[in-house]
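Take this structure first; my questions come after.
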Amino acid sequence: MRPLLLLLCSALLGSASATHIIGGELFYTYLGNDEYEITLKIYRDCGPNNTNGTGFDPTAEIAAYTPGGAYLSSMFFSPTTIVQVPVVLNNPCLTPPSTICVEEATYISTMFLASGTGGYVLSYQRCCRSPNVTNLFDPQTQGLTCTVNVPDVLVTGDNSSPHFATYPPIALCVGQAMTFDHFATDADGDVLVYDLAAPYVGGDQFNPLPSPPAGPPFSTVSWANTYSASNMIDASPALAIDPGSGVITLTPTQIGSYVVGVRVKEFRNGVQLSEVIRDFRFDVVPCAVQVISAIADQDAATLCSGLTLSFENNSTNGDFYHWDFGVPGIMNDTSAQQEPSFTFPQAGTYTVTLVANPGWPCADTSVNVFAVSPPVTVSFTAPPITCIDEQPVTLQATGDFTSAASVLWDLGAGSATDADQPTTHPSFLTTGTFAVNITVTENGCTGSYTDSVTVHPRPVPLFTADSAGCIPLDAHFTNLSSAWTPMSYLWDFGDGGTSTDTDPVHSYTTEGFFDVRLSVSTSSGCIATETLTRQDLVQVWPQPLARFAVDPTVASLMQPVIEVNDLSSGTYQWDFELDGLHFDTTHFAYTFDDAGWHTITLVATSGLGCSDTASLPVFVGGHFFYAPNAFSPDGDGVNEVWRPSVRGARFYRLELFDRWGQVRFSTTDPRDGWDGEGLPPGIYAYKAWLSEWGPLEHEYNGSVMLVR
């Protein structure tokens, strides 16, 4: 045998007793092979009456029973969707209170119901209803039961239960007639019959979520005084349903919350197969008529934006509209859009009318006045940059305006103009860039445009130079010229030389006085050429000639004397430099202290500050080495240090040894001496190595006696 049900594992059950259940329904769709898609819809109050904010259960337990009431098994469903049910009234003039709120949770899953068993009864139970329900006795203790019977497909054939298409209005307006098509659909095309039926009770505050839900037979709700299955709501005419179409009609007469049950039965060949009871609640509320028509005032920015305007609808609670844009002589200047746009045939002032909810008793009308006009545009082409002495300039206004328009030029301070006309000829008294504004007004609309006129000065040549010196004179010229645009330059240095550099350097090779001329040119802005000539700017003086002779050019340390003789021409001051010494005579002899190369330099300076320099090398060769054979470092201040006399050494090294060959003193400085400190009296050997300014190295050996 196949199992009767495919069971899911148990899930956590909700335990809250105050869920404020509003209603629910249970139906199914046959999928074939004994598989059924089961759908449970539960409705709850999400408004302020749900004081503890209880939500939907995370699972819903649906139990299966035999038609005789024997429990078979249960299955747990999880919600697939949770949505808010919209509050819809069939009268656009009426507005329900904002506190009404209903949410719908849909639980869908698949169950296996084996055929050949005689059918099934499915049930779901949950407590509790809102304590504000008017037509039930002690409503907060009463829950609901959603149930549907499943016939045996071996007896009836494949079958899906009917299910209701749309949810009825949540809110009803007291005193207002209501009609609602509460029709259901059936996938099998079975005959459907509708009636009003008392909802079933299920669960209470002590057992809000029965597990498993109870099976048949089910008990109906307990009605409050004066209410029953035939009188579920205060209404005149009373609540009624058309058995063939499912259309509900009533006019509620009393404010309150009313539990209502609508049943749909399905018949095939005259035999009832199943039935579905929808348990739901009507909230009868006072509805206010608050339709107000209002057209937003015209935005000032659109007054001159053209002939097309977009209108803003500020109406309250309107659902449909009729606009009349007030164009005389035509009938098609209307719109039913909420916020339309309209193009008027010509400039002018129009009275626009808006009717909110036209044709309804609550219709409201408003009017507003709108002005339309094409925009005024204006501009002018700024003249090219001009020189201050090439005025006046011409300004020509163009744009969308006529000769009847008012024209106003604003040229700023420091200018003069002839007239406020589309064409004007101003002169600007100083150089600079001047903001120019033109404003044109026509038909109450204004256009404005701003640009600038630039007036440049003529270029100004100016330069300086370090302009006095001796031949050859490299004169440096500093360009101080000015203009407001890039300049080009042409220099004439007075000796036939020219240059186009900005700050040139020119070499003068002849003596004399020279005029210098600079021409500056601009090719943009103020286009002009200006020239500056400075007479006798450059003064070039003759150059002295330094010459001298030495004898001999090569000397030895044994005869290290040379003679220097000046050979310069003219009257000068002499400055000979030799080994850091200076001589201001034209002839002198000099004795060198040491060998090597020596440079003699002569600087000859004329009385005009011009000078010349000449240098000659002199070589002194040979060397000299002498070492004393004894010294007495005994503190008497005489012969305290042993120091060889060394001259002409380019490289030098000295070492002293005791009688065991140990180095006791070493140096590479010919000026260093040995004081014998810490050593006993005796004879010490020395060895000295030195190189002259040539390639040969010399070695000296000897001894010295240390006496104390």
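Counting from 1, the numbers follow the sequence of the chain as shown. Bear in mind the structure is a predicted one, so any value in this text is a computation, not a measurement.
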How many angstroms lie between CG in Leu706 and CG in Asp658, if you round to the nearest 0.5 Å? 12.0 Å
Determine, step by step, whether Phe592 and His598 satisfy the ring pair (Phe, Tyr, Trp, His ring centres under 6.0 Å) criterion, reporting the C-alpha distance in whole Å, the side-chain angles of both residues, the deciding distance to 0.1 Å, and the verdict. CA-CA 9 Å; Phe592 293 96; His598 303 269; 4.5 Å; yes
Can you tell me how far OG of Ser379 sits from CD of Gln396, rounded to the nearest 0.5 angstrom? 10.0 Å
Can you tell me how far the CG atom of Leu654 sits from the OG atom of Ser666, to the nearest 0.5 Å?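 With rounding to 0.5 Å, CG (Leu654) is 7.0 Å from OG (Ser666).
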Show every donor-acceptor pair shorter than 3.5 Å between a side-chain atom in residues 381-392 and any protein atom, with sequence neighbours excluded, or say none if there are none.
| from | atom 1 | to | atom 2 | distance (Å) |
| --- | --- | --- | --- | --- |
| Thr386 | OG1 | Glu390 | O | 3.4 |
| Asp389 | OD2 | Arg458 | NH1 | 3.4 |
| Gln391 | OE1 | Phe428 | N | 2.6 |
| Gln391 | NE2 | Ile388 | O | 3.3 |
| Gln391 | NE2 | Phe428 | O | 2.6 |

So Phe477 and Asp501, side chain to side chain contact (heavy atoms under 4.5 Å, CB included) or not? Walk me through it. CA-CA 10 Å; Phe477 295 89; Asp501 293 344; over 6 Å; no
Does the Glu640 side chain pair with the main chain of Gly635, one donor and one acceptor, at a distance under 3.5 Å?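 A pair under 3.5 Å: yes.
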Going through the checks in order, is the side chain to side chain contact (heavy atoms under 4.5 Å, CB included) test met by Val538 and Val516? CA-CA 8 Å; Val538 178; Val516 178; 3.8 Å; yes
Tell me which pairs pass side chain to side chain donor-acceptor pair (under 3.5 Å) where either residue lies in residues 465-483, with sequence neighbours left out. Asp474-Ser507, Asn479-Ser481
Keeping the roles fixed (side chain from Thr349, backbone from Ala371), state whether a donor-acceptor pair exists under 3.5 Å.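 It does not hold such a pair.
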Would you check if the distance from the ring center of Tyr700 to the ring center of Trp689 is below 6.0 Å? no
Report yes or no: do Thr439 and Asn437 form a side-chain donor-acceptor pair below 3.5 Å?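 Thr439 vs Asn437: donor-acceptor pair found between side chains.
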Tell me, please, which residues at least two apart from Asp536 pass side-chain hydrogen bond (donor to acceptor under 3.5 Å, both in side chains).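 By the side-chain hydrogen bond (donor to acceptor under 3.5 Å, both in side chains) rule, Asp536 matches no residue at all.
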Any donor-acceptor pair under 3.5 Å linking the side-chain atoms of Asn313 with those of Ser315?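 Note: Ser315 and Asn313 side chains meet the donor-acceptor criterion.
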Answer with yes or no after comparing the ring centroid distance for Phe325 and Tyr350 against a 6.0 Å cut-off, counting only values under it.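 Here the rings of Tyr350 and Phe325 have centres that are no less than 6.0 Å from each other.
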Has Thr485 got a side-chain atom pairing as donor or acceptor with Ser524's backbone, closer than 3.5 angstrom?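 Indeed, once roles are kept as given, a pair shorter than 3.5 Å links the two residues.
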Should the ring pair Phe631 and Trp674 be called parallel, tilted or perpendicular, given that the plane angle runs from 0 to 90° and is split at 30 and 60?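 Correct class here is tilted.
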Taking every non-hydrogen atom, the tightest pair across Thr601 and Thr613: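 In this case the closest contact between Thr601 and Thr613 is CG2-CG2, 3.6 Å.
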Where Ile527 and Thr522 come nearest, the two heavy atoms and their spacing: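 Residues Ile527 and Thr522, closest heavy atoms: CG2-O, 3.3 Å.
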Quick one: salt bridge (Lys or Arg N to Asp or Glu O under 4.0 Å) pairs with a partner in residues 614-638, sequence neighbours left out?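 Counting only pairs at least two positions apart or across chains, no salt bridge (Lys or Arg N to Asp or Glu O under 4.0 Å) contact touches residues 614-638.
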Is the backbone N or O of Val663 less than 3.5 Å from a side-chain atom of Glu655, with the two atoms forming a donor-acceptor pair by type?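 Judged by distance alone, no pair lies under 3.5 Å.
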Give a yes or no on this: more than 12 heavy atoms of other residues, nucleotides or ligands lie within 6.0 Å of atom CD of Gln559.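 Count not over threshold, so no.
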Looking only at heavy atoms, the pair that brings Ala475 and Tyr508 closest together is CB-CE1, 3.9 Å
Is the centre of the Tyr686 ring less than 6.0 Å from the centre of the Tyr684 ring?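 No, the ring centres sit 6.0 Å or more apart.
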Write down the atom of Ala546, the atom of Ala614, and the distance for their closest heavy-atom approach. O-CB, 3.5 Å
Is there a donor-acceptor pair under 3.5 Å between the side chain of Arg708 and the backbone N or O of Ser632?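 Such a contact is absent between Arg708 side chain and Ser632 backbone.
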Does the side-chain hydrogen bond (donor to acceptor under 3.5 Å, both in side chains) test come out yes or no for Ser310 and Glu339, once each step is laid out? CA-CA 7 Å; Ser310 295; Glu339 293 189 328; over 6 Å; no
Backbone of Gln421 reached by a side-chain donor or acceptor of Trp409 within 3.5 Å: yes
So, Asp400 side chain and Thr377 main chain: donor-acceptor pair closer than 3.5 Å or not? no
For residues Gly326 and Asp333, report the shortest heavy-atom separation together with the two atoms involved.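 Here Gly326 and Asp333 meet closest at N-OD2, 3.1 Å.
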Decide yes or no on side-chain hydrogen bond (donor to acceptor under 3.5 Å, both in side chains) for Glu563 and Asn565, but give the supporting numbers first. CA-CA 7 Å; Glu563 292 187 0; Asn565 291 287; 4.6 Å; no
Glu699 CD: over 12 foreign heavy atoms closer than 6.0 Å: yes
Is a side-chain N or O of Arg534 found less than 3.5 angstrom from the main chain of Phe463, in a donor-acceptor match? yes
Between the main-chain N or O of Leu354 and the side-chain N or O of Ser293, is there a donor-acceptor pair closer than 3.5 Å?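 Here the side-chain-to-backbone pair exists.
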Answer yes if the side chains of Thr667 and Asp672 hold a donor-acceptor pair under 3.5 Å, and no otherwise. yes
Can you check side-chain hydrogen bond (donor to acceptor under 3.5 Å, both in side chains) on Thr599 and Ser615, steps first, answer last? CA-CA 7 Å; Thr599 299; Ser615 297; over 6 Å; no
Please identify each residue that fulfils salt bridge (charged side-chain N to carboxylate O under 4.0 Å, His left out) with Asp492, with sequence neighbours left out. Arg517
Taking side chain as C-beta onward, heavy atoms only, is Asp324 less than 4.5 Å from Val352? no
Can you label the angle between the Phe493 ring and the Trp491 ring as parallel, tilted or perpendicular, going by 30° and 60°?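 It falls in the parallel class, under 30°.
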Trp323/Phe342 under ring pair (Phe, Tyr, Trp, His ring centres under 6.0 Å): CA gap, chis, key distance, verdict: CA-CA 10 Å; Trp323 293 82; Phe342 183 75; over 10 Å; no
Applying side-chain hydrogen bond (donor to acceptor under 3.5 Å, both in side chains), name anything that partners Thr343, two or more places apart in sequence or on another chain. Thr308
Quick one: pull up CZ in Phe380 and OG1 in Thr398 and give me the separation to the nearest 0.5 Å. 10.0 Å
Rounding to 0.5 Å, atoms OG1 (Thr353) and CD1 (Ile295) come to a distance of 6.5 Å
Tell me whether the centres of the aromatic rings in Tyr590 and Phe588 are closer together than 6.0 Å. no
Pairwise distance OG1(Thr498) to CG(Leu490) - rounded to 0.5 angstrom: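 Here the rounded value is 6.5 Å.
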No-hydrogen, no-angle side-chain donor-acceptor test under 3.5 Å, Thr433 and Thr454: yes
Would Phe311 and Phe370 count as a close aromatic pair, with their ring centres under 6.0 Å?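 Yes, close enough.
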For residues Pro459 and Val520, report the shortest heavy-atom separation together with the two atoms involved. CB-CG2, 4.0 Å
